[in-house]
Amino acid sequence: MKFILSGVLLSAGMFCFGQTDSSQNKTQTITIVRGPYLQQASPNSIIIKWQTSQATDTKVSYGIASSTLTTVATNSAQVTDHEIKLSGLNAYTKYYYNVACSSATLVPAASDVYFRTMPNYGQAGKYRFWAIGDAGTGDNNQRHVRDAFLNYNSNHTIDGWIWLGDNAYESGFNSEYQSNVFTNNIYENVLKNTVVWPAPGNHDYNNHLPFSPAPAYYDIFTLPTNAECGGLASGTEKYYSYNYGNIHFIVLDSYDESRASNGQMATWLQNDLQANTQQWTVAYWHHPPYTKGSHNSDNSNFLDGELVEIRQNIIPILEAKGVDLIVCGHSHVYERSYLLDGHYGYSNQLQPSMIKDNTSGSYPASCAYRKNTQQTSSHKGTVYVVCGCSGKNDATPSSGWPHPVMYKSTNTTYGSMSIDVDHNELKGTFIDVNGTLYDSFTIIKNAGGAKTYTICPNEDFTLKSTVPGQVNWFPGNNAADSLVINTPVSTVYYATDLAGCIRDTFNISVISSSNCTTNTGIEPLNAISFAVYPSLLNSTQTGVTIESPLNILCRIRIIDLYGREIMNEPRQLFEGKNGLSIPEPISKGLYLLKLTTDSYEKTFKLYVE
């Protein structure tokens, strides 16, 4: 059948254009049959994919408001599987878009048709990721798990969507992805505004049954192979890595790729971890190293041999490089470990020394798991999660249930997982199908300790704890995320986390008022709050940290008390912590750091001893 563009515009918004069959003179309506869905986000780019019922050209219009989609990307090739990469975008910015062809709109702009670019690599902030495993059944259990998470999430941004494999039952065929993922009121409304980062499972490979077609997984998804989203190039879509802010994610193929310690995947993994500089490392794949659910990680035969090989060969590589969290599926249960390290044998070989912290880690009901990684991150402990119950659930677990490394286990419910990172804190929460928060754990890094700040008498100064969120302050006896102090004399303040486990000590040194008489002539123009620390430096220190509440362009000046300019340069600040190098040499004395934006000016004092 030959199709000729006839340029018919349909107002319903779900049709692209009519085409005419020249032999029968009939207009053919073209509709979207899959998508749109989002892939391969970076700070400056993203891929949008969709599928149409007939071949047409490709067009996306986008902008920062749904009413002003002023930028257009097109591809004139006539295809049914559409894929277009948008580049030159601003980091961590929400864009609205529509999907169209040259003559009409398929998906019109709307409040829920948008994407968000990544933050710049290394930028700390508050991020949330949704993890689902063994989800693609296409039934109401899958839908109810989805609804439970979305109700829990409310209006919170989902920064990434983690799929743990067995994404479309029973065989991973294209038709099963269509019915169990992309249509039938499954994930359509989430896919158009949330980036998917999948891992393959054995069902995505049809369990390697003879005469199986090539996995549809690799046609459906466009995954980074050349470090397009951070990390290290893998050269394959089977396994890859990406960065999101201060988090490094690693995705492995635990079924179709060699799990040998000297295999191609393991070699890439070692190199990727060696190059990683992010504060957090999260790894995920399908087959778990520890489980006693519908699969048994003590079973080394052909049924569960992947689990044993992963534990013996891959886990030592990850723990040696300080992985914080590992999430898997495959076993149709929920299981969550203690903070663990060095357990590469069978369950009966677990030693007490391999459990780095035998408490719940369920902050603030109890102490968070603490990791000090300032000197080294190697072997400081990892939390292992099995979340293979987002569409499947098996009521009969394996012999030895629950696995002894697990703090929490259930084989009687469906659910999914929220992974939240807030600067130096990571929290995992399991939300069951009824919306109950069945389990949570928190890992916090490099928290607590003592700091010294030098201020002028009666100067307003903001203290911030190394524990994100609310803490208890003393003196003051109030719970807040920060404390503004004003004191005429040197003193000490304390901040304690809500479980009473971590304490910050702030030694406040008030200098002579004669060093504080310079009139800077600067006043804040609005209520934006920045922080600069440490305020007390020695002559060998060459930098400070500027903590910004938002992404903003500013000018930074450093002057001495005689008005001589030490620094004057523009600087893009990102939300969170920003390092600032101070020109050398800098001598003893009081300096003024002036931070200026379009609507804000403030001076911070730096004292060099």
Side-chain angles (χ1 to χ4, degrees), residues 133-134 162-167 171-172 197-229 231-242 248-276 281-291 295-323 325-331 342-346 382 384 386 388:
D134 301 70
I162 292 169
W163 292 10
L164 302 172
D166 286 1
N167 307 304
S171 309
W197 302 96
N202 50 290
H203 283 275
D204 297 298
Y205 285 103
N206 195 27
N207 290 300
H208 284 163
L209 294 177
F211 309 110
S212 295
Y217 174 94
Y218 295 105
D219 293 324
I220 293 169
F221 300 112
T222 300
L223 306 173
T225 62
N226 197 33
E228 296 92 339
C229 310
L232 187 71
S234 65
T236 176
E237 291 183 301
K238 287 187 171 185
Y239 49 88
Y240 59 95
S241 62
Y242 60 98
H248 183 62
F249 289 94
I250 296 168
V251 187
L252 302 181
D253 182 344
S254 58
Y255 186 66
D256 192 56
E257 192 67 25
S258 170
R259 295 166 294 276
S261 60
N262 60 352
Q264 188 173 357
M265 183 171 69
T267 300
W268 167 82
L269 176 62
Q270 290 174 324
N271 293 333
D272 177 82
L273 288 165
Q274 185 65 37
N276 175 34
T281 302
V282 176
Y284 59 96
W285 58 84
H286 190 60
H287 295 79
Y290 314 103
T291 183
H295 292 272
N296 188 341
S297 58
D298 282 347
N299 189 352
S300 59
N301 64 23
F302 72 96
L303 291 176
D304 288 320
E306 298 92 347
L307 287 66
V308 176
E309 292 177 4
I310 283 283
R311 183 176 65 249
Q312 293 177 343
N313 300 328
I314 302 299
I315 296 303
I317 297 171
L318 287 158
E319 290 186 346
K321 293 298 182 181
V323 67
L325 173 65
I326 290 175
V327 190
C328 301
H330 192 54
S331 203
H343 178 45
Y344 311 130
Y346 296 100
T382 304
Y384 293 84
V386 179

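Residues: numbered from 1 along the sequence shown. Every value quoted in this text rests on a predicted model; they were computed, and no experiment measured them.
Using modelled atom types, no side-chain atom of Trp268 and backbone atom of Gly263 make a donor-acceptor pair closer than 3.5 Å. Judged purely by atom type and a 3.5 angstrom limit, Asn207 has no side-chain atom pairing as donor or acceptor with the backbone of Leu209. Checking side-chain atoms of His286 against main-chain N and O of Leu164 turns up a donor-acceptor pair under 3.5 Å. Here the side chain of Ser297 pairs a donor or acceptor atom with the backbone of Thr291 at under 3.5 angstrom. In this structure, the side chain of Asp304 engages the main chain of Asn296 through a donor-acceptor pair within 3.5 Å. The main-chain N or O of Asn301 is found under 3.5 Å from a side-chain atom of Asn299 such that the two form a donor-acceptor pair. A donor-acceptor pair under 3.5 Å is absent between the side-chain atoms of Glu306 and the main chain of Ser254, judged by distance alone.
Taken to the nearest 0.5 Å, the NE2 atom of His203 stands 7.5 Å off from the CG atom of Asp134. If you take CD1 on Ile326 and OG1 on Thr382, they are separated by 5.5 Å, rounding to the nearest 0.5 Å. Here CD1 of Ile314 is found 13.0 Å from NE2 of His287. Values are rounded to the nearest 0.5 Å. A distance of 12.0 Å separates OH in Tyr240 from CD1 in Ile250, rounded to the nearest 0.5 Å. Between the SG atom in Cys328 and the CG atom in Leu307 there is a gap of 8.0 Å [rounded to 0.5 Å]. A distance of 9.5 Å separates CD in Gln270 from CG in Leu318, rounded to the nearest 0.5 Å.
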### side chain to side chain contact (heavy atoms under 4.5 Å, CB included) between Asp166 and Tyr255, intermediate numbers included
CA-CA 11 Å; Asp166 286 1; Tyr255 186 66; over 6 Å; no
### Task
Please report the C-alpha distance between Asp253 and Tyr217 in whole Å, then the side-chain angles of each, then the deciding distance to 0.1 Å, and finally whether the side chain to side chain donor-acceptor pair (under 3.5 Å) criterion is met.
CA-CA 12 Å; Asp253 182 344; Tyr217 174 94; over 6 Å; no
#### Entry: side chain to side chain contact (heavy atoms under 4.5 Å, CB included) evaluation trace for His208 with Asp256
CA-CA 9 Å; His208 284 163; Asp256 192 56; 2.7 Å; yes
### Verdict with reasoning, His248 to Asp272, per side chain to side chain donor-acceptor pair (under 3.5 Å)
CA-CA 10 Å; His248 183 62; Asp272 177 82; 2.6 Å; yes
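For the residue pair Tyr284 and Tyr242, the shortest heavy atom distance occurs at OH-OH, 3.0 Å. Looking at every heavy atom in both residues, Gly322 comes nearest to Thr281 through O-CB, 4.5 Å. Taking every heavy atom of both residues into account, Pro224 and Ser234 meet most closely at O-OG, 4.2 Å. In terms of heavy atoms, Gln312 sits closest to Tyr346 at NE2-OH, 4.3 Å. For Ala266 against Ala260, the heavy-atom pair with the smallest separation is CB-O, 3.3 Å. The two residues Ser331 and Val386 have their closest heavy-atom pair at O-CG1, 3.6 Å.
Just one residue in the list Asn313, Thr236, Leu252 forms a side chain to side chain contact (heavy atoms under 4.5 Å, CB included) with Met265, and that residue is Leu252.
Val308 has its side chain within reach of Ser300: a pair of non-hydrogen atoms, C-beta onward, lies under 4.5 Å apart. By the 4.5 Å heavy-atom criterion applied to side chains, Tyr205 and Pro200 are counted as neighbours.
Between Tyr290 and His343, the angle of the ring planes stays under 30°, which puts this pair in the parallel group of the 30/60° scheme. Classification of the Phe221-Trp163 ring pair by plane angle, with boundaries at 30° and 60°, yields perpendicular. Note: His330 and His295 have parallel aromatic rings, judged against thresholds of 30 and 60 degrees for the angle between ring planes.
Around the CD atom of Gln264, the shell of radius 6.0 Å holds no more than 12 heavy atoms that belong to other residues, nucleotides or ligands.
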